[in-house]
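In what follows, a single structure is set out as structure tokens and then discussed.
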Amino acid sequence: MGACALAPKSRNYRMTHAYRSHKCGDLRVQDAGSETRLSGWVHRVRDHGGVLFLDVRDHYGLTQVVADPASPAFKIAETLRSEWVVRFDGKVRVRLAGTENKDMPTGDIEVYATEIEVLSQAAELPLPVFGDTEYPEDIRLKYRFLDLRRDRIHANIMKRGSIINSLRRRMVDQGFFEFQTPILAASSPEGARDYLVPSRVHPGKFYALPQAPQQFKQLIMMSGFDRYFQIAPCFRDEDARADRSPGEFYQLDIEMSFVTQEDVFDAVEPVLRGVFEEFGNGWAVTQKFPHIAFKDSIRWYGTDKPDLRNPIKMQNVTEHFAGSGFKVFAGMIANDPKVEVWAIPAPKGGSRAFCDRMNSWAQSQGQPGLGYVFWREGEEGGAGPIAKNIGTERTDAIKAQLGLAVGDGAFFVAGIPSKFYKFAGEARTKVGTDLDLIAKDRFDFCWIVDFPMYEWNEEDKKIDFSHNPFSMPQGGLDALNNQDPLTINAYQYDIVCNGVELSSGAIRNHRPDIMKKAFELAGYSEDVLLEKFGGMYRAFQFGAPPHGGIAPGVDRIVMLLCNEPNIREVVLFPMNQQAEDLLMSAPSSATPKQLRELHIRLNLPEN
RNA sequence: GCGGAAGUAGCUCAGUUGGUUAGAGCGUCGCCCUGUCACGGCGAAGGUCGCGGGUUCGAGCCCCGUCUUUCGCGCCA
């Protein structure tokens with residue numbers, strides 16, 4: 001099994017042990033002739049009438065057991081079925097020449113069974129352990145214990161454990177120390193929906209499970225500790241996605257005192273690079289994570305979590321369309337100075353078929369279409385409707401700016417960038433995917449930095465925090481006092497790998513005066529600060545060190561390293577999309593006694 | 001809360017334009033088989049086609065509703 005590579009070297013049990021002298025991955029040619037005792041699950045039965053083969057499986061591997069009519073164990077062997085748990089005693093022998101199995105580590109030997117004890121039987125399986133067929137999620141989750149016996153997911157779970165061990169070791173080696181923070185905590189007013197836990201002692205009051213140990217880790221810094229980390233469980237009552245468990249997940253939560261943004265990067269980068277090199281199947285890992293400003297990421301990639309394996313970088317080509325014969329774009333540009341035209345270069349995408357396919361795709365996304373120019377033999381000046389309208393001089397200029405050649409194409413999106421960047425980013429991804437430009441065997445990391453501190457809330461017509469209100473604004477109090485709030489950036493950063501947002505972090509605002517002003521700009525008085533974040537705001541009054549941190553998502557790291565698209569493949573006992581545990585039946589009703597003790601009366605919806 | 005996809009034997013799936021008794025592989029059970037490793041051969045059992053309603057002479061197939069699972073949107077400081 002895949003797991004055996006991760007298993008410790010086997011101990012030598014004596015034959016007097018009740019269940020085993022060896023594990024199922026242990027035996028080799030040099031063991032031939034010796035007695036052995038194996039216990040495990042019957043993985044597969046091959047009954048030839050006269051001779052019977054059984055693959056026996058445990059956590060460590062598979063071994064072939066043989067029985068024939070000369071063996072006293074033959075009668076029992078014939079009754080064995082898949083997934084029964086059995087103890088085998090027998091003699092190790094070298095397989096007959098020509099019958100070795102090179103695909104199994106134990107494939108040169110077999111165990112000739114002399115005694116068999118059935119330790120437990122299995123009913124007919126709702127989910128075969130053998131083979132690699134896909135099964136529906138509800139059955140997999142209901143019979144998770146069978147699902148977990150299967151090779152791929154068994155190996156994933158072991159790899160998850162090894163990754164977490166490695167993360168811990170790497171953190172400790174850098175002088176970090178692991179702390180435990182409360183699970184029964186106070187509800188936090190911002191962010192996701194909380195999981196609430198009713199208090200028995202305080203009728204009508206509730207604890208909340210922490211969405212992250214954010215405030216606690218900052219308090220740890222203010223308590224005079226340094227270099228905190230924790231493999232921290234986080235709880236958020238939000239709906240699931242393929243890469244997001246409902247309810248709970250883990251973060252490698254990190255916080256450091258007396259640091260700048262660069263210090264945090266220098267601490268975290270080697271940990272992630274190291275763990276991706278250790279567990280990444282030899283795929284190339286970015287050695288020095290590039291820093292990309294938030295606004296550049298939006299301009300170049302149409303997203304704040306760019307997949308840098310995709311080489312396409314969008315460019316502003318507004319000037320080539322201003323006053324051109326392509327009236328749609330030219331008119332938009334003339335009417336509104338905020339209008340821009342972005343180009344998505346498509347290397348090797350220079351065919352009418354591909355461009356038309358992209359155009360239809362854009363329409364299926366609710367767009368009016370996707371303008372394009374492509375360059376091909378005989379039409380070096382550019383082909384397609386736009387090329388005809390704007391002429392060779394302009395298409396040549398576009399081709400030169402984008403660094404394209406004959407055989408390539410380019411797509412164009414026009415409008416107010418804040419309205420179309422997301423679609424442009426999706427088009428960039430689609431072009432990269434469809435033209436097979438995205439390398440499959442790399443982990444491409446980057447830091448996204450300089451997130452805006454504030455954003456305009458169109459609905460409430462006011463300025464809002466765009467991310468964490470406790471991030472330090474760049475420029476400090478001076479910027480808050482003198483700058484247009486919408487131009488202020490925060491010391492706030494994300495790590496992105498292959499288009500997956502692995503974590504976000506920040507240098508925190510440790511100064512109550514700056515914090516007061518920051519909240520004031522978003523329309524919150526000091527009372528709000530005191531009422532909602534009293535504990536932490538109080539701590540800031542008594543000598544808070546400059547500090548900052550980050551919290552990479554463990555589940556997503558494991559997903560990337562296991563090359564799994566779904567988080568349930570790397571979690572032992574996941575819930576389904578409706579946040580139910582189908583194996584253990586959670587959530588479930590409380591008894592009247594429990595509810596009485598908690599002073600809770602149910603007010604259930606109709607039906 | 002909203003949108004897409006799926007739901008047929010224990011499991012994975014096929015099922016034509018709406019037409020007689022709904023099929024296959026795996027698994028299960030029985031018989032045969034002494035070198036397999038997805039062993040093989042013969043046979044059998046196993047189905048309220050998710051559920052409810054409708055259209056029709058006739059529905060697994062068409063229509064409406066509903067439930068379940070999943071993917072996405074909303075949500076996720």
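Chain letters run A, B, ... following the sequence lines, proteins first, then strands; residues in each count from 1.
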Taking the side chain of [X] as heavy atoms from C-beta outward, which of [options] is closest to it?
X	options	answer
A/Tyr135	B/C33, B/G27, B/U12	B/U12
A/Pro136	B/C37, B/C76, B/U12	B/U12
A/Ala242	B/C71, B/A38, B/G74	B/C71
A/Arg568	B/C71, B/C11, B/C75	B/C71
A/Asn468	B/A77, B/U34, B/A38	B/A77

ask   = Is there a stack between A/His48 and B/C39, judged by ring centres under 5.5 Å and planes under 30°?
value = yes
Residue closer to the 5' end of RNA chain B, A/Glu78 versus A/Arg46 (nearest nucleotide) = A/Glu78
Residue whose closest nucleotide on RNA chain B lies nearer the 5' end, A/Gln64 versus A/Leu127 = A/Leu127
Partners meeting side chain to side chain contact (heavy atoms under 4.5 Å, CB included) with A/His510 (sequence neighbours left out) = A/Met472, A/Phe540, A/Ala544, A/Pro546, A/His547
ask   = Paired with B/A24: which nucleotide, if any, by Watson-Crick or G-U wobble criteria at under 3.5 Å for both distances?
value = B/U12
ask   = What is the base-pairing partner of B/G40, counting Watson-Crick and G-U wobble geometry with both distances under 3.5 Å?
value = B/C32
With rounding to whole Å, what would you report as the distance between [N] and [M] at their [atom1] atoms?
N	M	atom1	value
B/C51	B/U34	P	46 Å
B/A22	B/C13	C1'	14 Å
B/G23	B/G30	C1'	23 Å
B/G7	B/G50	C1'	6 Å

task = Determine, stepwise, if the pair A/Asp147 / A/Arg144 fulfils salt bridge (Lys or Arg N to Asp or Glu O under 4.0 Å).
result = CA-CA 5 Å; A/Asp147 194 29; A/Arg144 189 60 164 179; 2.8 Å; yes
message = Should the side chain of A/Arg95 and the base of B/U36 be counted as holding a donor-acceptor pair, with the cut-off at 3.5 Å?
response = yes
message = Base, sugar-phosphate or nothing for A/Glu110? Non-hydrogen atoms, less than 4.0 Å.
response = base
Ring pair (Phe, Tyr, Trp, His ring centres under 6.0 Å) evaluation trace for A/Phe451 with A/Tyr491 = CA-CA 7 Å; A/Phe451 279 84; A/Tyr491 286 112; over 10 Å; no
ask   = A/Phe235 and A/Tyr195: aromatic ring centres closer than 6.0 Å?
value = no
Interatomic distance, A/Asn576 CG vs B/U68 C1' [rounded to whole Å] = 10 Å
